[in-house]
Amino acid sequence: MKLPKRNDPCWCGSGSKYKKCHLLSDELGETAPPGMPKKRGGEATVSPGRISPRRTVPEHISLPEYAVSGVPAPGKVSCKKGSAEQIERMRQAGKIARDVLDTVLAEVRPGIATDALDRIAHMRTIELGAYPSPLNYMGFPKSICTSVNEVVVHGIPDSRELAEGDIINCDVTVYVHGMHGDCSETVFVGEVDEESKRLVQVTWECLMKAIDVVRPGQKLNTIGQVIEEHVQRHGYGIVRIFTGHGIGESFHMLPYVAHFYEPNNKTILEEGMTFTIEPMINAGRAECVIWPDNWTAVTCDLARSAQFEHTLLVTAGGAEILTGGREPWFLKK
Ligand code: MF3
Ligand code: CO
Ligand code: CO
(Lines give C-alpha, C1' and ligand atoms only; values in the text may rest on other atoms or scores of the structure.)
(Ligands and ions follow the chains in the order given, each with its own letter.)
Protein backbone atom coordinates (compact mmCIF):
# COMPACT_ATOMS: atom_id res chain seq x y z
CA MET A 1 0.00 0.00 0.00
CA LYS A 2 1.16 3.51 -0.81
CA LEU A 3 0.56 6.71 1.11
CA PRO A 4 -2.52 8.53 -0.23
CA LYS A 5 -2.26 12.10 -1.56
CA ARG A 6 -3.41 14.88 0.77
CA ASN A 7 -6.91 15.17 -0.68
CA ASP A 8 -7.42 11.45 -1.33
CA PRO A 9 -9.52 9.37 1.08
CA CYS A 10 -7.50 8.19 4.09
CA TRP A 11 -6.15 4.67 3.97
CA CYS A 12 -7.96 3.78 7.20
CA GLY A 13 -11.36 3.67 5.52
CA SER A 14 -12.87 6.51 7.57
CA GLY A 15 -13.92 8.29 4.39
CA SER A 16 -12.20 11.50 5.53
CA LYS A 17 -9.61 13.20 3.41
CA TYR A 18 -6.13 11.91 4.22
CA LYS A 19 -4.93 15.39 5.31
CA LYS A 20 -7.72 15.54 7.91
CA CYS A 21 -7.21 12.01 9.13
CA HIS A 22 -3.94 10.07 9.43
CA LEU A 23 -1.57 12.43 7.57
CA LEU A 24 -0.08 14.01 10.69
CA SER A 25 0.26 10.80 12.68
CA ASP A 26 1.83 9.11 9.64
CA GLU A 27 4.29 11.96 9.33
CA LEU A 28 5.09 11.63 12.99
CA GLY A 29 5.67 7.94 12.35
CA GLU A 30 3.07 6.74 14.84
CA THR A 31 0.89 5.15 12.18
CA ALA A 32 1.30 3.91 8.61
CA PRO A 33 -0.96 2.20 6.08
CA PRO A 34 -1.17 -1.58 6.48
CA GLY A 35 1.99 -3.22 5.21
CA MET A 36 4.05 -0.03 5.32
CA PRO A 37 6.72 0.38 7.98
CA LYS A 38 6.20 2.97 10.69
CA LYS A 39 8.97 5.55 10.80
CA ARG A 40 9.27 5.41 14.53
CA GLY A 41 11.72 3.43 16.51
CA GLY A 42 14.71 1.78 15.00
CA GLU A 43 17.77 -0.31 15.34
CA ALA A 44 20.22 -0.06 18.21
CA THR A 45 23.09 2.21 17.20
CA VAL A 46 24.86 2.21 20.55
CA SER A 47 26.12 -0.70 22.63
CA PRO A 48 28.44 -0.82 25.63
CA GLY A 49 32.07 -0.09 24.75
CA ARG A 50 35.32 -0.21 26.68
CA ILE A 51 35.50 2.19 29.62
CA SER A 52 38.98 3.59 30.27
CA PRO A 53 40.58 3.58 33.74
CA ARG A 54 39.30 6.13 36.23
CA ARG A 55 40.79 9.61 35.81
CA THR A 56 42.35 11.37 38.77
CA VAL A 57 42.18 14.94 40.00
CA PRO A 58 45.12 16.88 41.46
CA GLU A 59 45.22 17.52 45.19
CA HIS A 60 44.48 21.23 45.06
CA ILE A 61 40.98 20.59 43.65
CA SER A 62 38.39 20.59 46.43
CA LEU A 63 36.18 17.52 46.36
CA PRO A 64 32.44 17.12 46.83
CA GLU A 65 31.46 14.92 49.76
CA TYR A 66 30.91 11.78 47.62
CA ALA A 67 34.14 11.93 45.60
CA VAL A 68 35.84 9.18 47.59
CA SER A 69 32.92 7.13 48.92
CA GLY A 70 30.60 7.51 45.94
CA VAL A 71 27.75 8.25 48.35
CA PRO A 72 26.17 11.70 48.26
CA ALA A 73 25.29 13.16 51.65
CA PRO A 74 21.62 13.26 52.52
CA GLY A 75 20.41 16.31 54.36
CA LYS A 76 21.21 19.25 52.13
CA VAL A 77 17.81 18.76 50.65
CA SER A 78 16.22 21.89 49.43
CA CYS A 79 17.58 24.77 47.41
CA LYS A 80 15.85 27.55 49.35
CA LYS A 81 16.69 31.18 48.82
CA GLY A 82 20.46 31.55 48.61
CA SER A 83 22.38 34.42 50.20
CA ALA A 84 24.05 36.99 47.93
CA GLU A 85 27.37 35.32 48.59
CA GLN A 86 26.03 31.82 47.80
CA ILE A 87 24.42 33.10 44.62
CA GLU A 88 27.72 34.61 43.53
CA ARG A 89 29.39 31.23 44.00
CA MET A 90 26.59 29.60 41.95
CA ARG A 91 27.27 32.12 39.17
CA GLN A 92 30.91 31.08 39.11
CA ALA A 93 30.02 27.37 39.03
CA GLY A 94 27.56 28.00 36.18
CA LYS A 95 30.13 29.92 34.20
CA ILE A 96 32.73 27.20 34.52
CA ALA A 97 30.23 24.47 33.58
CA ARG A 98 29.41 26.48 30.45
CA ASP A 99 33.08 26.87 29.56
CA VAL A 100 33.69 23.12 29.89
CA LEU A 101 30.57 22.31 27.86
CA ASP A 102 31.64 24.67 25.06
CA THR A 103 35.14 23.17 25.12
CA VAL A 104 33.88 19.63 24.72
CA LEU A 105 31.20 20.46 22.12
CA ALA A 106 33.85 22.10 19.94
CA GLU A 107 35.55 18.68 19.67
CA VAL A 108 32.47 16.73 18.55
CA ARG A 109 33.11 15.27 15.09
CA PRO A 110 32.90 11.93 13.27
CA GLY A 111 35.54 9.50 14.49
CA ILE A 112 36.15 10.89 17.96
CA ALA A 113 35.48 8.46 20.83
CA THR A 114 33.19 9.59 23.64
CA ASP A 115 36.05 8.69 26.01
CA ALA A 116 38.18 11.32 24.27
CA LEU A 117 35.41 13.88 24.89
CA ASP A 118 35.41 12.85 28.54
CA ARG A 119 39.16 13.35 28.73
CA ILE A 120 38.91 16.83 27.18
CA ALA A 121 36.14 17.81 29.61
CA HIS A 122 38.03 16.37 32.57
CA MET A 123 41.21 18.29 31.73
CA ARG A 124 39.39 21.58 31.13
CA THR A 125 37.42 21.23 34.37
CA ILE A 126 40.63 20.77 36.33
CA GLU A 127 42.32 23.58 34.46
CA LEU A 128 39.53 25.87 35.67
CA GLY A 129 40.04 24.70 39.27
CA ALA A 130 36.85 22.64 39.45
CA TYR A 131 35.90 19.00 40.14
CA PRO A 132 33.89 17.09 37.48
CA SER A 133 30.75 16.37 39.53
CA PRO A 134 29.73 13.10 37.82
CA LEU A 135 33.06 11.42 38.70
CA ASN A 136 32.18 8.74 41.30
CA TYR A 137 28.77 10.31 41.97
CA MET A 138 26.92 7.19 43.11
CA GLY A 139 29.75 5.31 41.46
CA PHE A 140 29.47 6.95 38.02
CA PRO A 141 32.81 6.11 36.40
CA LYS A 142 33.46 9.17 34.21
CA SER A 143 33.56 12.98 34.30
CA ILE A 144 30.70 13.82 31.93
CA CYS A 145 27.70 12.00 30.43
CA THR A 146 27.64 11.38 26.68
CA SER A 147 24.28 10.22 25.38
CA VAL A 148 24.21 9.26 21.69
CA ASN A 149 21.11 8.74 19.48
CA GLU A 150 18.70 6.41 21.34
CA VAL A 151 20.54 6.97 24.63
CA VAL A 152 18.29 9.26 26.66
CA VAL A 153 20.61 10.20 29.50
CA HIS A 154 23.59 9.08 31.63
CA GLY A 155 25.55 7.55 28.77
CA ILE A 156 29.02 6.54 29.98
CA PRO A 157 31.88 7.81 27.82
CA ASP A 158 33.66 4.83 26.29
CA SER A 159 35.48 3.59 23.20
CA ARG A 160 32.53 4.14 20.82
CA GLU A 161 33.47 6.56 18.08
CA LEU A 162 30.95 9.12 16.85
CA ALA A 163 29.63 8.50 13.36
CA GLU A 164 28.37 10.93 10.72
CA GLY A 165 24.64 11.42 11.33
CA ASP A 166 24.72 10.74 15.09
CA ILE A 167 23.29 13.16 17.61
CA ILE A 168 25.03 13.46 20.99
CA ASN A 169 24.11 15.10 24.25
CA CYS A 170 27.07 16.12 26.40
CA ASP A 171 26.10 16.80 30.01
CA VAL A 172 28.65 18.69 32.09
CA THR A 173 28.44 19.33 35.82
CA VAL A 174 31.24 20.96 37.81
CA TYR A 175 31.82 21.53 41.52
CA VAL A 176 33.70 24.68 42.42
CA HIS A 177 33.55 27.24 45.25
CA GLY A 178 31.37 24.70 47.08
CA MET A 179 28.63 24.75 44.41
CA HIS A 180 27.54 22.61 41.47
CA GLY A 181 26.68 24.01 38.02
CA ASP A 182 24.96 21.70 35.54
CA CYS A 183 24.22 22.06 31.82
CA SER A 184 23.91 19.97 28.68
CA GLU A 185 23.39 20.36 24.98
CA THR A 186 22.57 18.05 22.09
CA VAL A 187 24.56 18.57 18.88
CA PHE A 188 24.83 17.00 15.44
CA VAL A 189 27.73 14.88 14.28
CA GLY A 190 28.25 16.02 10.69
CA GLU A 191 25.06 16.03 8.62
CA VAL A 192 22.01 14.52 10.31
CA ASP A 193 18.57 13.66 8.92
CA GLU A 194 15.70 16.16 9.02
CA GLU A 195 13.79 14.20 11.67
CA SER A 196 16.71 14.42 14.08
CA LYS A 197 17.13 18.13 13.39
CA ARG A 198 13.49 18.69 14.21
CA LEU A 199 13.67 16.64 17.41
CA VAL A 200 16.71 18.59 18.62
CA GLN A 201 15.18 21.94 17.68
CA VAL A 202 11.88 21.17 19.44
CA THR A 203 13.72 20.01 22.56
CA TRP A 204 15.66 23.29 22.65
CA GLU A 205 12.39 25.20 22.26
CA CYS A 206 10.98 23.24 25.21
CA LEU A 207 13.81 24.42 27.45
CA MET A 208 13.50 28.03 26.27
CA LYS A 209 9.71 28.12 26.69
CA ALA A 210 10.06 26.65 30.17
CA ILE A 211 12.68 29.23 31.19
CA ASP A 212 10.36 31.96 29.93
CA VAL A 213 7.76 31.18 32.61
CA VAL A 214 10.22 31.12 35.54
CA ARG A 215 9.65 33.99 37.99
CA PRO A 216 8.93 34.40 41.72
CA GLY A 217 5.35 33.42 42.58
CA GLN A 218 5.03 31.15 39.55
CA LYS A 219 3.86 27.57 40.10
CA LEU A 220 6.70 25.11 39.54
CA ASN A 221 4.35 22.88 37.56
CA THR A 222 3.94 25.55 34.89
CA ILE A 223 7.36 24.42 33.63
CA GLY A 224 6.08 20.94 32.81
CA GLN A 225 2.83 22.35 31.52
CA VAL A 226 4.45 24.52 28.84
CA ILE A 227 6.79 21.71 27.80
CA GLU A 228 3.90 19.28 27.49
CA GLU A 229 1.91 21.78 25.42
CA HIS A 230 4.81 22.35 23.07
CA VAL A 231 5.66 18.67 22.62
CA GLN A 232 2.09 17.56 22.07
CA ARG A 233 1.77 18.84 18.54
CA HIS A 234 4.85 16.91 17.50
CA GLY A 235 3.74 13.63 19.04
CA TYR A 236 7.03 13.14 20.86
CA GLY A 237 7.39 11.37 24.20
CA ILE A 238 8.42 13.33 27.30
CA VAL A 239 10.65 11.29 29.58
CA ARG A 240 9.08 11.07 33.04
CA ILE A 241 11.50 9.02 35.10
CA PHE A 242 14.26 11.67 35.04
CA THR A 243 13.63 15.27 36.07
CA GLY A 244 15.30 18.58 36.66
CA HIS A 245 16.37 19.29 40.22
CA GLY A 246 17.36 21.82 42.79
CA ILE A 247 21.11 22.39 42.73
CA GLY A 248 23.66 24.21 44.84
CA GLU A 249 25.84 22.79 47.59
CA SER A 250 24.48 19.40 46.55
CA PHE A 251 24.31 18.03 43.01
CA HIS A 252 20.67 16.95 43.25
CA MET A 253 18.29 18.63 45.68
CA LEU A 254 14.57 19.26 46.06
CA PRO A 255 12.49 20.37 44.37
CA TYR A 256 12.52 17.92 41.51
CA VAL A 257 11.34 19.58 38.31
CA ALA A 258 9.02 17.47 36.16
CA HIS A 259 9.02 18.13 32.43
CA PHE A 260 5.36 17.09 32.13
CA TYR A 261 2.31 18.62 33.78
CA GLU A 262 1.81 17.61 37.42
CA PRO A 263 -1.50 19.20 38.45
CA ASN A 264 -1.05 18.31 42.12
CA ASN A 265 2.39 19.84 42.58
CA LYS A 266 1.83 22.97 44.65
CA THR A 267 5.44 24.23 44.83
CA ILE A 268 5.79 27.96 44.17
CA LEU A 269 9.02 29.44 42.81
CA GLU A 270 10.82 31.93 45.06
CA GLU A 271 13.48 34.48 44.32
CA GLY A 272 16.96 33.08 45.03
CA MET A 273 16.13 29.44 44.21
CA THR A 274 18.57 27.61 41.94
CA PHE A 275 17.45 24.57 39.96
CA THR A 276 17.83 22.91 36.58
CA ILE A 277 15.41 22.38 33.74
CA GLU A 278 16.55 19.54 31.48
CA PRO A 279 13.81 18.12 29.25
CA MET A 280 14.51 14.76 27.61
CA ILE A 281 12.32 14.38 24.54
CA ASN A 282 12.01 11.12 22.61
CA ALA A 283 11.12 10.88 18.93
CA GLY A 284 8.93 7.91 19.87
CA ARG A 285 7.67 6.53 23.14
CA ALA A 286 8.47 8.16 26.48
CA GLU A 287 9.56 4.99 28.28
CA CYS A 288 13.20 4.07 28.87
CA VAL A 289 15.14 0.90 29.46
CA ILE A 290 18.22 0.97 31.72
CA TRP A 291 21.26 -1.05 30.68
CA PRO A 292 22.87 -3.56 33.07
CA ASP A 293 25.53 -0.91 33.82
CA ASN A 294 22.72 0.68 35.89
CA TRP A 295 23.28 4.08 34.23
CA THR A 296 22.73 4.15 30.49
CA ALA A 297 19.06 4.89 29.77
CA VAL A 298 17.88 4.14 26.21
CA THR A 299 14.48 4.64 24.62
CA CYS A 300 12.34 1.51 24.80
CA ASP A 301 11.65 1.66 21.05
CA LEU A 302 15.20 2.76 20.11
CA ALA A 303 13.91 6.02 18.63
CA ARG A 304 16.26 8.96 19.11
CA SER A 305 16.19 11.24 22.15
CA ALA A 306 17.42 14.80 22.70
CA GLN A 307 18.04 16.92 25.80
CA PHE A 308 19.10 20.44 26.79
CA GLU A 309 19.81 21.62 30.32
CA HIS A 310 20.48 24.89 32.08
CA THR A 311 21.01 25.83 35.71
CA LEU A 312 18.74 28.76 36.61
CA LEU A 313 18.46 31.34 39.33
CA VAL A 314 15.03 32.78 40.11
CA THR A 315 15.43 36.57 40.14
CA ALA A 316 12.98 39.38 40.89
CA GLY A 317 12.43 39.85 37.17
CA GLY A 318 12.30 36.20 36.10
CA ALA A 319 15.24 33.87 35.58
CA GLU A 320 18.97 34.25 35.21
CA ILE A 321 20.52 31.46 33.16
CA LEU A 322 23.63 30.66 35.20
CA THR A 323 24.95 28.30 32.52
CA GLY A 324 24.01 30.60 29.65
CA GLY A 325 26.22 31.61 26.80
CA ARG A 326 25.86 31.61 23.08
CA GLU A 327 22.81 30.14 21.38
CA PRO A 328 23.13 26.47 20.36
CA TRP A 329 24.99 26.32 17.11
CA PHE A 330 22.14 24.81 15.08
CA LEU A 331 20.28 28.12 15.44
CA LYS A 332 23.16 30.02 13.84
CA LYS A 333 23.45 30.50 10.12
N1 MF3 B 1 24.19 15.88 35.01
C2 MF3 B 1 23.09 14.97 35.24
C3 MF3 B 1 21.90 15.83 35.59
O4 MF3 B 1 21.61 16.68 34.82
C5 MF3 B 1 23.37 13.99 36.32
C6 MF3 B 1 24.43 13.04 36.00
S7 MF3 B 1 24.62 12.00 37.32
C8 MF3 B 1 25.91 11.09 36.84
O9 MF3 B 1 21.30 15.77 36.61
F10 MF3 B 1 26.28 10.42 37.86
F11 MF3 B 1 25.53 10.34 35.82
F12 MF3 B 1 26.85 11.85 36.44
CO1 CO C 1 20.83 18.17 36.06
CO1 CO D 1 23.21 17.56 33.83
Side-chain angles (χ1 to χ4, degrees), residues 48 51 54-55 57 63-73 79 90 93-94 96-102 104-105 114-115 117-118 121-122 125 130-148 151-158 168-176 179-187 203 206-207 210-211 223 227 239-259 273-281 288 290-291 293-298 305-313 321-324:
I51 299 174
R54 176 130 160 228
R55 294 184 216 288
V57 296
L63 308 177
E65 80 284 358
Y66 54 79
V68 175
S69 67
V71 184
C79 67
M90 278 302 292
I96 288 175
R98 164 51 56 183
D99 181 309
V100 175
L101 181 58
D102 286 345
V104 59
L105 292 179
T114 50
D115 182 64
L117 296 175
D118 180 78
H122 184 88
T125 304
Y131 179 88
S133 304
L135 189 60
N136 208 29
Y137 179 79
M138 294 171 74
F140 191 80
K142 289 285 146 195
S143 298
I144 59 170
C145 299
T146 51
S147 302
V148 175
V151 178
V152 174
V153 75
H154 300 161
I156 300 172
D158 64 16
I168 178 172
N169 175 278
C170 296
D171 190 335
V172 166
T173 315
V174 301
Y175 178 74
V176 65
M179 295 293 186
H180 295 269
D182 190 2
C183 53
S184 85
E185 209 164 294
T186 302
V187 294
T203 306
C206 284
L207 175 58
I211 293 173
I223 291 169
I227 293 171
V239 173
R240 300 172 79 91
I241 58 166
F242 303 104
T243 65
H245 49 91
I247 184 167
E249 287 171 357
S250 300
F251 194 165
H252 294 109
M253 302 163 98
L254 292 176
Y256 71 86
V257 180
H259 303 112
M273 284 173 102
T274 46
F275 61 89
T276 73
I277 304 180
E278 48 183 300
M280 286 140 274
I281 307 296
C288 303
I290 314 278
W291 280 2
D293 63 21
N294 276 324
W295 284 106
T296 312
V298 301
S305 181
Q307 180 180 26
F308 287 86
E309 173 174 29
H310 272 310
T311 297
L312 307 165
L313 166 70
I321 306 178
L322 299 180
T323 48

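The figures that follow rest on heavy atoms only: side chains count, while hydrogens, waters and symmetry mates do not. Remember, it's a predicted structure, so these values are computed and weren't measured experimentally. Indexing begins at 1, ligand by ligand and atom by atom, following the structure's order.
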Query raised in the report: Can you name the N/O/S atom of Glu278 that is nearest the Co ion (ligand 2)?
Result: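 Looking at Glu278, the N, O or S atom with the least distance to the Co ion (ligand 2) is OE2.
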
Closest heavy-atom pair and its distance - [X], [Y]:
X      : Y      : value
His180 : Glu249 : CD2-O, 3.7 Å
Gly181 : Thr311 : C-OG1, 4.1 Å
His259 : Pro279 : NE2-N, 3.4 Å

Distance under 4.0 Å to a non-hydrogen atom of [X]: what atoms of ligand 1 satisfy this?
X      : answer
Thr173 : 1 (N)
Cys145 : 6 (C), 11 (F), 12 (F)
His154 : 5 (C), 6 (C), 11 (F)
Trp295 : 8 (C), 10 (F), 11 (F)

Requested in this report: Check each of Phe242, Phe140, Phe251 against atom 10 (F) of ligand 1 and report the one with the nearest heavy atom.
Outcome: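 Minimum heavy-atom distance to atom 10 (F) of ligand 1 goes to Phe140.
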
Requested in this report: Please determine if the Co ion (ligand 2) has an N/O/S atom from His252 lying under 2.8 Å away.
Outcome: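 Of the N, O and S atoms in His252, none lies under 2.8 Å from the Co ion (ligand 2), which means no.
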
Query raised in the report: Counting distance only, does the side-chain N/O of Thr125 pair as donor-acceptor with the main-chain N or O of Ala130 below 3.5 Å?
Result: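 Not a single qualifying donor-acceptor pair exists.
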
Query raised in the report: Between Tyr175 (side chain) and Phe251 (backbone), is there a donor-acceptor pair under 3.5 Å?
Result: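 No; judged by distance alone, with no hydrogens or angles, the pair does not exist.
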
**Report entry** Asp118, Asp293, Thr146 screened by side chain to side chain contact (heavy atoms under 4.5 Å, CB included) with Ile156, the one that passes
**Finding:**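 Among Asp118, Asp293, Thr146, the one that satisfies the side chain to side chain contact (heavy atoms under 4.5 Å, CB included) with Ile156 is Asp293.
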
Could you tell me the residue and atom name of the protein heavy atom closest to [atom], and the distance to it rounded to 0.1 Å?
atom                    : value
atom 4 (O) of ligand 1  : Glu278 OE1, 2.7 Å
atom 2 (C) of ligand 1  : Asp171 OD2, 3.4 Å
atom 12 (F) of ligand 1 : Pro134 CB, 2.9 Å
atom 9 (O) of ligand 1  : His252 NE2, 2.7 Å

Relative to ligand 1, is [X] under 4.0 angstrom through side chain, backbone, both or neither, heavy atoms considered?
X      : result
Ser133 : neither
Glu309 : side chain
Tyr137 : both

**Report entry** Non-hydrogen atom of Thr276 closer than 4.0 Å to ligand 1
**Finding:**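 Checking ligand 1 against Thr276, which is what was asked, there is no heavy-atom contact under 4.0 Å.
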
Query - Residue among Arg98, His310, Glu309 satisfying side chain to side chain donor-acceptor pair (under 3.5 Å) with Thr323 - result: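 Of all the options given, the one that passes is His310.
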
Query raised in the report: To the nearest 10 degrees, how large is the angle at the Co ion (ligand 3) between Glu309 OE1 and Asp182 OD1?
Result: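 Centred on the Co ion (ligand 3), the OE1/OD1 angle is 90° (to 10°).
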
Requested in this report: Given side-chain hydrogen bond (donor to acceptor under 3.5 Å, both in side chains), test Glu278 with His245 step by step and report yes or no.
Outcome: CA-CA 9 Å; Glu278 48 183 300; His245 49 91; 2.9 Å; yes

Query raised in the report: Can you tell me how far OH of Tyr137 sits from CD of Glu65, rounded to the nearest 0.5 angstrom?
Result: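 Going from CD on Glu65 over to OH on Tyr137, the span is 8.5 Å.
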
**Report entry** Gap separating the CZ atom of Phe308 from the CG atom of Leu207, nearest 0.5 angstrom
**Finding:**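 Phe308 atom CZ to Leu207 atom CG measures 8.0 Å (nearest 0.5 Å).
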
